[in-house]
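Worksheet for the structure shown next.
Letters A, B, ... are given to chains in the order of the sequence lines, protein chains preceding strands, and every chain is numbered from 1.
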2 protein chains.
Amino acid sequence: MALPPRCNACPVREASLCGSLGEDAAHALSRVMHRMRVPAGRVIYGAAERADTFAILISGVVKLVITKPDGRQQIVGLQFPSDFVGRPFLDGSNLSAEAATTLELCCCSGRAFENVMREHPIIERVLLKRIAADLDSARNWAFLLGRTTAQEKVASLLHLIAERMARSVVRGDRERPCALGLSLPLSRMEMAECLGLRLETVCRQMTQLKSRGVISTMGRRAFDVLDMEKLRNCAANATAMTVEECV
Amino acid sequence: MALPPRCNACPVREASLCGSLGEDAAHALSRVMHRMRVPAGRVIYGAAERADTFAILISGVVKLVITKPDGRQQIVGLQFPSDFVGRPFLDGSNLSAEAATTLELCCCSGRAFENVMREHPIIERVLLKRIAADLDSARNWAFLLGRTTAQEKVASLLHLIAERMARSVVRGDRERPCALGLSLPLSRMEMAECLGLRLETVCRQMTQLKSRGVISTMGRRAFDVLDMEKLRNCAANATAMTVEECV
DNA sequence: CGGGTCGTTGACTCGAATCAATATAGGTGG
DNA sequence: CCACCTATATTGATTCGAGTCAACGACCCG
């Protein structure tokens with residue numbers, strides 16, 4: 001009746017939804033879920049088909065995208081390791097979920113998940129909290145999109161990525177003063193789609209942050225946070241900040 | 001064991017969360033909830049205090065606002081009659097809920113609600129669906145903020161208000177070709193705070209919509225939709241639309 | 001009827017978008 | 001392993017939509 005070895009060895013067990021369940025709900029879930037690798041770019045669920053997947057993200061990043069008929073796209077959410085992906089009970093909006101990087105998932109069909117959930121109401125309660133947290137993030141994102149400068153947007157995104165990627169990489173470690181050697185899960189284009197900007201604008205802001213010694217980049221898909229404090233400042237209120245204060 | 005008279009006479013009973021509950025869960029809820037009037041401008045819950053209210057909105061409009069230390073504000077959600085207001089189980093973000101107009105609420109303490117919920121898990125399931133729907137709205141709002149022009153933003157907001165206000169006013173009526181004599185629950189300033197714009201920009205867009213015969217206004221807090229089709233077009237893709245096509 | 005808030009309009013500025021060249025990374029085949 | 005090739009990223013010049021600042025007008029209150 002013990003959990004399978006893959007659960008005991010699971011790097012996100014505590015941080016994920018599973019970590020908040022009791023022994024038997026966790027066990028019941030473990031019986032229907034299985035590991036899976038998904039290559040970057042794969043669509044996990046799209047606007048058309050019924051979202052019939054439930055998954056916990058073990059590694060990699062998933063982007064949630066709204067696409068309109070005229071081609072405009074907006075990334076409205078990012079899911080990191082330990083987050084869940086899926087839309088139990090959900091209506092058909094124009095939302096799709098796509099692997100931004102190669103993923104490791106622990107997943108099952110939506111139907112199987114709903115069955116386990118019906119037998120273990122605690123899962124429902126935990127899911128409710130997770131969705132409420134997602135709602136909070138979505139609203140904070142709306143603030144970012146509506147009320148901040150390009151500078152703040154880019155800095156906030158890098159800050160978010162630094163926090164979430166570092167947490168999933170140096171687990172257990174004491175908090176580091178600054179995050180080094182982080183992989184950047186998004187292209188410039190995708191960053192722009194996140195932030196309601198054009199990719200050229202994202203580039204320019206990245207260049208500025210580099211020249212101010214806030215970050216540095218290595219290749220296209222990696223960066224360092226040289227000064228977390230500065231980054232936080234840039235994210236919070238770039239407008240109230242002169243170049244002197246920032247450098 | 002019947003529901004109290006105020007429930008049977010409740011104008012939003014079917015559309016609200018209560019309408020999706022079984023007989024006894026609805027009855028249990030009705031015993032802890034009570035009617036309340038709240039004047040416009042009152043803060044229902046704020047960033048500081050623990051959000052300890054749960055309410056179903058019977059009439060009026062509630063705005064959900066994020067305020068940053070530097071004074072920037074963004075309205076990240078509107079709740080209309082039949083929606084719920086409150087944050088069961090929720091973390092402290094910088095979100096506050098404020099009455100945009102005079103409200104009629106059916107409410108109880110968050111604690112009381114959680115107690116009833118624990119005894120009637122169906123409430124949890126229904127709440128989960130409502131929150132998931134809110135999450136969807138929040139993400140669609142993020143698209144609006146990130147990827148649309150001022151024109152589309154204003155048109156979309158008016159369209160949303162027309163839909164939700166009409167639904168709560170002419171309940172039961174067949175769908176009207178266009179909504180007339182709608183009350184506008186927000187000031188220009190609040191509209192701007194919704195849309196990530198300045199109030200002057202909102203004004204200019206309103207003026208344009210009027211001159212194109214899409215809407216008309218009567219006083220500060222009322223408007224008509226003269227041509228719902230045009231409004232929908234303006235909301236969907238103002239950029240792809242010349243003045244000729246619109247007029 | 002007068003005062004104050006809120007809304008409207010106008011003139012001008014500025015930040016990000018757009019259009020247009022490069023430059024670099026990273027993969028491919030020789 | 002190197003040279004090439006194509007995606008992606010960067011930088012520059014210019015435009016344009018929304019912001020800002022300022023004046024005026026309309027509505028709502030006592």
C1' atom, D:dC5 versus D:dA9: distance in rounded Å? 16 Å
To the nearest angstrom, how far is [X] atom [atom1] from [N] atom [atom2]?
X      : N      : atom1 : atom2 : result
B:E193 : C:dG7  : CD    : P     : 12 Å
B:E190 : C:dT5  : CD    : C1'   : 14 Å
B:L184 : D:dC27 : CG    : P     : 15 Å
B:M218 : C:dG7  : CE    : C1'   : 17 Å
A:L199 : C:dA17 : CG    : P     : 10 Å
B:K210 : C:dT8  : NZ    : C1'   : 8 Å
A:L197 : C:dT18 : CG    : P     : 11 Å
A:L145 : D:dA18 : CG    : P     : 16 Å

Do the side chain of B:R147 and the main chain of A:Q74 share a donor and acceptor less than 3.5 angstrom apart? no
Are the side chains of A:I161 and A:L182 in contact, using a 4.5 Å heavy-atom criterion? no
Answer yes or no: are there more than 12 heavy-atom neighbours, outside B:M189 itself, under 6.0 Å from its atom CE?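 Atom CE in B:M189 is not crowded, with 12 or fewer foreign heavy atoms closer than 6.0 Å.
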What do you reckon, is CE of B:M36 surrounded by more than 12 foreign heavy atoms closer than 6.0 Å? no
Between A:C203 and A:R147, which is nearer to the 5' end of DNA chain D once each is assigned its nearest nucleotide?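 Between the two, 5'-proximity favours A:C203.
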Residue whose closest nucleotide on DNA chain D lies nearer the 5' end, A:L186 versus B:G196: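 Closer to the 5' end of DNA chain D: A:L186.
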Just checking B:K153: base, sugar-phosphate only, or nothing, at a heavy-atom cut-off of under 4.0 Å? nothing
Heavy-atom pair of closest approach, residues A:V214 and A:C234: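 It is CG2-SG, 4.4 Å.
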Can you name the closest pair of heavy atoms from A:L95 and B:R139 and give their distance? CD2-NH1, 3.9 Å
For a quick check, tell me whether the side chain of A:R204 and the base of D:dG12 share a donor-acceptor pair closer than 3.5 Å. yes
With a 3.5 Å cut-off and just heavy-atom distances, do the side chain of A:R188 and the base of D:dT8 make a donor-acceptor pair? no
Nearest-nucleotide check on DNA chain C, A:R198 vs B:R220; residue mapping nearer the 5' end is B:R220
Closest-nucleotide 5' rank along DNA chain C - winner of A:G219 and A:E200: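 The answer here is A:E200.
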Taking only Lys NZ, Arg NE, NH1 and NH2, and the carboxylate oxygens of Asp or Glu, determine whether A:D136 and B:R87 approach each other closer than 4.0 Å. yes
Electrostatic pair B:K68-A:E152, nearest N-O below 4.0 angstrom: no
Would you indicate, yes or no, if D:dG19 has its OP1 or OP2 atom less than 4.0 angstrom from a side-chain nitrogen or oxygen of B:T201? yes
Below 4.0 Å: OP1/OP2 of D:dT11 and any side-chain N or O of A:T207: yes
If the glycosidic angle is within 90 degrees of 0 it's syn, otherwise anti, so just tell me which one C:dA20 is.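 Anti for C:dA20; the angle lies over 90° from 0.
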Please round to 10 degrees the angle between the axis of the first five pairs and the axis of the last five pairs in the helix from C:dC1-D:dG30 to C:dA23-D:dT8.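 Taking five pairs per end, the axes differ by 50°.
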